[in-house]
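Report on the following structure.
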Amino acid sequence: MAIKKQKNKRPALLSHTRPPTVRKSHAALSAKATRSLIRSHHTLLKQRAQALKMGDTASVARIEAEIDARGGLESYQIASKLGQSIDRGGDSSKVLIDWINPALRETTYKLRVLEVGALSTKNACSRHEHLDVTGIDLNSQEPGILKQDFMERPLPHDDSDRFHIISLSLVLNYVPDPVSRGEMLKRCVPFLTKSPPTGSSVSIVPSLFLVLPAPCLVNSRYLTQRRLGDILTSIGFTLSRSKQTSKLIYQLWKYTGKCEYKQFKKEELNPGSTRNNFAIVVKGGAR
């Protein structure tokens, strides 16, 4: 089947970037096997996206055959879901709750949270009495999580449609290309309220909760903590909390409204033959 090049290519959607509900028959996958499966499929999916962009039908067919040979997209999605499951310590929202809980105790209002790539309605955020969580996921099969692509979600009409906190936990790293990652970060802005709930003095909102695999920042040729900070500052955020483990980097970015929307190209910042190619590209101007 021939592949047509698009003249005005839109930023990639989140299709095939988040996992569906894990089937019980796959629950026995070891942590090591899960990580290996995720890495291999993630690499193949990025290679497929690049081949599609170039219109290289032969490479697309070869990569798709290899994906099928490794169990197909379904096995990748199942491994992703399992790797982030609560029983393996994968509930990153626990960190967010630890950070914002002192402020939440001081309010009687519920803060609205948009959880992009939601995996469960039983995580720490969803169970908190002062949070009203809207979970969305492209491949959701769990009741209570809306099946929706964030990049296609209708823009808010007024402040009642906006959120006090947006969670992008292990979402940005699944977006297949650098430009689309930049567009996703920019798209968060119109979905955030510009103030806390009426009558409340909660100072933690509006905010963006961002979680990335540690190698995306500490071992990338094209992205460092400083560059990520420059990008998010340009979009209107300032870093308020940060935590790093051997595997993950957790960050809470407060929205200030001071947007410059500078352009950030893909350029080598951290040379080295063993580094990865994770990057975020931002085109100038508001989305």
Side-chain angles (χ1 to χ4, degrees), residues 11-19 30-54 56 59-60 62-64 66-67 70-71 73 75-77 79-84 88-90 92 95 116-117 168-186 208-232 234-235 239 242-251 253 263-283:
L13 305 182
L14 296 184
S15 304
H16 307 307
T17 63
R18 297 294 289 180
S30 70
K32 183 177 180 180
T34 297
R35 290 194 298 269
S36 177
L37 192 55
I38 290 172
R39 283 196 297 267
S40 64
H41 278 267
H42 196 195
T43 299
L44 289 169
L45 289 173
K46 286 193 293 185
Q47 292 174 351
R48 181 181 180 276
Q50 292 170 353
L52 281 168
K53 185 177 181 179
M54 297 176 64
D56 187 346
S59 293
V60 170
R62 176 183 56 79
I63 294 167
E64 287 181 343
E66 188 170 352
I67 290 174
R70 291 171 181 259
L73 180 61
S75 63
Y76 162 73
Q77 293 173 323
S80 297
K81 170 71 176 182
L82 185 58
Q84 297 168 43
R88 289 193 178 173
S92 61
V95 175
V116 182
L168 294 182
S169 177
L170 297 176
V171 171
L172 203 63
N173 53 299
Y174 283 96
V175 178
D177 67 272
V179 173
S180 296
R181 294 172 195 141
E183 290 297 310
M184 174 176 280
L185 291 176
K186 289 166 65 175
L208 168 67
F209 180 57
L210 181 66
V211 182
L212 286 169
C216 290
L217 289 183
V218 301
N219 195 39
S220 170
R221 294 182 182 87
Y222 306 110
L223 188 67
T224 62
Q225 177 57 62
R226 182 173 181 177
R227 172 53 62 90
L228 178 63
D230 290 342
I231 289 172
L232 285 165
S234 169
I235 296 173
L239 184 63
S242 182
K243 172 183 176 179
Q244 181 175 333
T245 68
S246 60
K247 296 180 181 179
L248 297 174
I249 291 177
Y250 307 81
Q251 296 180 340
W253 294 85
Q263 179 174 321
F264 293 89
K265 299 180 180 179
K266 182 178 179 179
E267 55 185 336
E268 191 172 58
L269 305 170
N270 208 10
S273 60
T274 61
R275 302 196 185 280
N276 63 68
N277 294 322
F278 188 79
I280 299 175
V281 171
V282 179
K283 297 182 178 179

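- Residues satisfying the side chain to side chain contact (heavy atoms under 4.5 Å, CB included) test with S234, not counting sequence neighbours, are E260, K262, F264.
- Contacts of Q225 classified as side-chain hydrogen bond (donor to acceptor under 3.5 Å, both in side chains), with partners at least two apart in sequence or in another chain: Q251.
- Every side chain to side chain contact (heavy atoms under 4.5 Å, CB included) that Q263 has, sequence neighbours left out, goes to K265.
- S59 meets the side-chain hydrogen bond (donor to acceptor under 3.5 Å, both in side chains) test with D56; sequence neighbours excluded.
- Remark: P178 engages R181, A279, V281 in a side chain to side chain contact (heavy atoms under 4.5 Å, CB included) (not counting sequence neighbours).
- Applying the side-chain hydrogen bond (donor to acceptor under 3.5 Å, both in side chains) criterion to N277, with sequence neighbours excluded, gives R221.
- Scored by the side-chain hydrogen bond (donor to acceptor under 3.5 Å, both in side chains) test, N276 finds no partners at all (sequence neighbours excluded).
- For the pair T245 and Y250, the minimum side-chain heavy-atom distance is below 4.5 Å.
- How far NZ of K247 is from CG of L170: 12.0 Å, rounded to the nearest 0.5 Å.
- Taking 4.5 Å as the limit, some side-chain heavy atom of I280 sits within range of a side-chain heavy atom of L228.
- A donor-acceptor pair under 3.5 Å links the side-chain atoms of S220 to the main chain of F278, judged by distance alone.
- Using a 4.5 Å cut-off on side-chain heavy atoms (C-beta onward), M184 and V171 make contact.
- Taking the side chain to side chain contact (heavy atoms under 4.5 Å, CB included) definition, one finds that T274 meets it with nothing, sequence neighbours left out.
- With sequence neighbours excluded, the residues that form a salt bridge (charged side-chain N to carboxylate O under 4.0 Å, His left out) with R227 are E267.
- Residues L185 and I231 come closest through the heavy atom pair CD1-CG2, 4.3 Å.
- Taking each heavy atom of A214 and S246 in turn, the nearest pair found is CB-O, 4.1 Å.
- Two residues are said to be in side-chain contact when any heavy atoms from C-beta on lie closer than 4.5 Å; V95 and L248 fail this criterion.
- Counting only heavy atoms from C-beta outward, the side chains of L217 and L223 approach each other to under 4.5 Å.
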